[in-house]
Amino acid sequence: MNSPHPETLELAADLRSAIGELVRALRPDDTLPQNQAGVLGLLVRDDRACTVAELAALQRVRHQSMARTVALLTEAGLVTQQPHTTDRRKLLVTATEAGRTALYEQRARREARIAAAIEARLSSEERETLRSAVALLRRLP
């Protein structure tokens, strides 16, 4: 594999930085810590149940860290843990309705803040450019 062109590397650095700034600007309004929102997002996205080990692997964190996150989510009533259907030694973690609601509300607050900034700071032409950029960003992963 060839190394990326220096201009492409510079663009990648600028993009990473801009996305990072946007995410950091949105965090003060969050009610769920990032690690908890990430776990809820995984569970809600595909309406799935996972073990703590599976969640840890998906989030690329240690099992102990994920166990603590799941315990906090359970205490808050945002997830439940039920015995695994085929291996009773394991517990499956699923999002509760309260967990779904908390995640959707946090996402809605973020989206409203972004929408307000778009309306306040971007012209209609810039909005169309941004719409095209979003489509391009979706092609990168």
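Rounding to the nearest 0.5 Å gives a distance of 11.5 Å between CD of E97 and CG of L78. Between Q59 atom CD and T69 atom OG1 the span is 8.5 Å, to the nearest 0.5 Å. Between the CG atom of L73 and the OG1 atom of T96 there is a distance of 9.0 Å, given to the nearest 0.5 Å. In this structure, the separation between OG1 on T129 and CD on E125 is 8.0 Å, given to the nearest 0.5 Å.
Across all non-hydrogen atoms, the minimal contact from L43 to A95 is CD1-N, 4.0 Å. The shortest heavy-atom contact between G77 and A98 is O-CB, 3.7 Å. Between R113 and P28, the closest heavy-atom pair is NH1-CD, 4.5 Å.
Two residues are said to be in side-chain contact when any heavy atoms from C-beta on lie closer than 4.5 Å; L91 and H84 fail this criterion. Inter-residue side-chain proximity for H63 and M66 is flagged as unmet; no heavy-atom pair is nearer than 4.5 Å. Residues C50 and L42 are not in side-chain contact: their nearest non-hydrogen atoms beyond the backbone lie 4.5 Å or more apart.
In terms of hydrophobic clustering, with Ile, Leu, Val, Met, Phe, Trp and Tyr side chains grouped at heavy-atom distances under 4.5 Å, L72 and V79 are assigned to different clusters. Cluster membership check: I118 shares its hydrophobic cluster with L22, using side-chain heavy-atom separations under 4.5 Å among Ile, Leu, Val, Met, Phe, Trp and Tyr. Linking ILVMFWY side-chain heavy atoms closer than 4.5 Å, directly or via other members, places L122 and L26 in a single hydrophobic cluster. Linking ILVMFWY residues whenever their side-chain heavy atoms come closer than 4.5 Å, directly or via other members, places L40 and L58 in the same cluster. A continuous path of Ile, Leu, Val, Met, Phe, Trp and Tyr side chains, each step under 4.5 Å between heavy atoms, connects V44 with L32, placing both in one hydrophobic cluster.
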Pair L55-V61, side-chain contact (heavy atoms from CB on, under 4.5 Å): steps then yes or no: CA-CA 8 Å; L55 288 169; V61 298; over 6 Å; no
Kindly determine whether V93 and T51 satisfy side-chain contact (heavy atoms from CB on, under 4.5 Å), including the steps that lead there. CA-CA 6 Å; V93 181; T51 65; over 6 Å; no
Given side-chain contact (heavy atoms from CB on, under 4.5 Å), test L15 with I19 step by step and report yes or no. CA-CA 6 Å; L15 177 61; I19 291 172; 3.6 Å; yes
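Between the side chains of R109 and T31, at least one donor N or O lies within less than 3.5 Å of an accepting N or O. Looking only at atom types and distance, the side chain of T94 has no donor-acceptor partner in the side chain of Q82 under 3.5 Å away.
Between the side chain of E105 and the main chain of A102, no donor-acceptor pair closer than 3.5 Å is present. Between the side chain of D46 and the main chain of R48, no donor-acceptor pair closer than 3.5 Å is present. Checked by atom type and distance alone, the side chain of T74 pairs as donor or acceptor with a backbone atom of V70 at under 3.5 Å.
Salt bridge absent: D29 and R110 never bring a charged side-chain N and a carboxylate O closer than 4.0 Å. The existence of a salt bridge linking D30 and R107 is excluded, since no basic side-chain nitrogen approaches an acidic carboxylate oxygen closer than 4.0 Å. A salt bridge does not link R24 to E21: none of the charged nitrogens lies less than 4.0 Å from a carboxylate oxygen.
Around the CD atom of Q64, the shell of radius 6.0 Å holds more than 12 heavy atoms that belong to other residues, nucleotides or ligands. Atom CZ of R121 has 12 or fewer heavy atoms from other residues, nucleotides or ligands within 6.0 Å. Counting non-hydrogen atoms of neighbouring residues, nucleotides and ligands closer than 6.0 angstrom, the CD atom of E126 exceeds 12 such neighbours.
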